[in-house]
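Okay, so here's the structure we're looking at.
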Amino acid sequence: MSRINLDAVEITDFLESHRTGVICLGRENDGYGVPLSYMYREEDSSIYFRMGYAPGSQKRKFLDATEQATFVVYDQTGDGWTSVVAEGELQVLTESNIDSAVEEATKKLDIPYFEVHDRPVDDLEFNVVRLRVTKLNGIAEGHDGT
């Protein structure tokens, strides 16, 4: 089985053509993976998420405890697997530090606005979270190099 490393253009194309991945968070000796919709912006080397939290949310506790996170986007085709792994620092954005274009784009992410995990939206807190990418790698396995 052949394996190739994706170049920067291939990684950008892959991230821009997909919409979901898994963010990996850590707290003490525990790990926590969450599937999320995302938006990738090459111009600021960042991946953006719109996260919703119920009161006492595990996701929020892990997010607050995580300094460095990993985000994985992957896909399987008839040719093989492709994956991109991004690592970086997480930042919860506020109204004062969010770009209006980012805020508008994250509103289009595929998460339910009206009900999440059988809870009304009024019971949830929402934030835009930025992963400032410091390391980005992509691999295609099983492909014939095309």
Side-chain angles (χ1 to χ4, degrees), residues 3-77 79-117 119-143 145:
R3 174 183 165 160
I4 60 170
N5 291 319
L6 302 180
D7 64 26
V9 172
E10 292 168 321
I11 289 172
T12 297
D13 289 346
F14 184 80
L15 288 173
E16 289 177 348
S17 68
H18 290 76
R19 296 289 169 247
T20 59
V22 177
I23 193 161
C24 305
L25 308 171
R27 182 177 69 167
E28 298 172 10
N29 292 323
D30 294 325
Y32 190 71
V34 181
L36 292 172
S37 292
Y38 72 93
M39 179 193 73
Y40 175 65
R41 284 192 10 156
E42 181 182 19
E43 58 266 26
D44 64 357
S45 298
S46 296
I47 298 172
Y48 294 88
F49 313 96
R50 185 171 180 270
M51 292 187 179
Y53 320 96
S57 165
Q58 281 289 96
K59 183 181 0 175
R60 184 61 197 235
K61 290 175 185 175
F62 274 85
L63 178 66
D64 290 344
T66 301
E67 291 182 26
Q68 292 288 317
T70 302
F71 184 65
V72 180
V73 180
Y74 60 93
D75 195 12
Q76 181 179 17
T77 66
D79 295 329
W81 284 92
T82 301
S83 64
V84 170
V85 177
E87 297 176 34
E89 181 181 325
L90 290 172
Q91 175 186 20
V92 177
L93 301 179
T94 63
E95 287 183 24
S96 65
N97 67 1
I98 189 169
D99 179 302
S100 62
V102 169
E103 184 175 28
E104 187 61 32
T106 57
K107 288 180 181 178
K108 298 175 186 172
L109 294 175
D110 294 331
I111 68 166
Y113 278 80
F114 302 106
E115 212 172 277
V116 178
H117 304 293
R119 290 182 183 270
V121 73
D122 294 342
D123 291 350
L124 300 176
E125 172 190 350
F126 287 93
N127 291 114
V128 174
V129 177
R130 174 185 183 184
L131 176 67
R132 185 184 304 262
V133 177
T134 56
K135 188 175 179 183
L136 192 59
N137 294 303
I139 297 172
E141 294 183 345
H143 298 257

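Computed from heavy atoms alone, side chains included, the values below leave out hydrogens, waters and symmetry copies. Given the structure is predicted, the values throughout are model-derived calculations rather than measurements.
- A distance of 7.5 Å separates CZ of Arg132 from CG of Asp44, quoted to the nearest 0.5 Å.
- Applying the side chain to side chain donor-acceptor pair (under 3.5 Å) rule to Asp64 yields the partners Arg60; only residues at least two apart in sequence or on another chain are considered.
- For the side-chain contact (heavy atoms from CB on, under 4.5 Å) test, residues two or more places apart in sequence or in another chain that qualify with Gln76 are Trp81.
- Lys135 places no side-chain N or O within donor-acceptor distance of the main-chain N or O of Thr70, the cut-off being under 3.5 Å.
- Within a 6.0 Å sphere centred on CD of Glu28, heavy atoms belonging to other residues, nucleotides or ligands number 12 at most.
- Taken from CD in Gln58 to CG in Asp30, the straight-line distance is 8.5 Å, to the nearest 0.5 Å.
- The side-chain contact (heavy atoms from CB on, under 4.5 Å) check on Thr12 picks up Glu16, Tyr40, Glu42, with sequence neighbours excluded.
- Atom CZ of Arg27 has more than 12 heavy atoms from other residues, nucleotides or ligands within 6.0 Å.
- Asp75 is linked by a side chain to side chain donor-acceptor pair (under 3.5 Å) to His18, counting only residues two or more places apart in sequence or in another chain.
- With sequence neighbours left out, the side-chain contact (heavy atoms from CB on, under 4.5 Å) criterion links Asp7 to Val9, Glu10.
- For the pair Leu136 and Leu15, the minimum side-chain heavy-atom distance is below 4.5 Å.
- Residues passing the side-chain contact (heavy atoms from CB on, under 4.5 Å) test with Thr66 are Leu25, Ala69, Leu90, sequence neighbours excluded.
- Looking at every heavy atom in both residues, Ala140 comes nearest to Thr82 through CB-OG1, 4.0 Å.
- Summarising the geometry, atom OG belonging to Ser45 is positioned 8.5 Å from atom CZ belonging to Arg130; distances are rounded to the nearest 0.5 Å.
- Of all the heavy atoms in Ser37 and Thr20, the pair that sits closest is OG-CG2, 3.9 Å.
- Checked against ring pair (Phe, Tyr, Trp, His ring centres under 6.0 Å), Phe71 has the following partners two or more places apart in sequence or in another chain: Tyr38, Phe49.
- Partners of Tyr32 according to the ring pair (Phe, Tyr, Trp, His ring centres under 6.0 Å) rule, which considers only residues two or more places apart in sequence or in another chain, are Phe62.
- For Glu67, there are no salt bridge (charged side-chain N to carboxylate O under 4.0 Å, His left out) partners, not counting sequence neighbours.
- Looking at every heavy atom in both residues, Val133 comes nearest to Ser46 through CG2-CA, 4.3 Å.
- With rounding to the nearest 0.5 Å, the separation of CG in Leu6 from CD1 in Ile139 is 8.0 Å.
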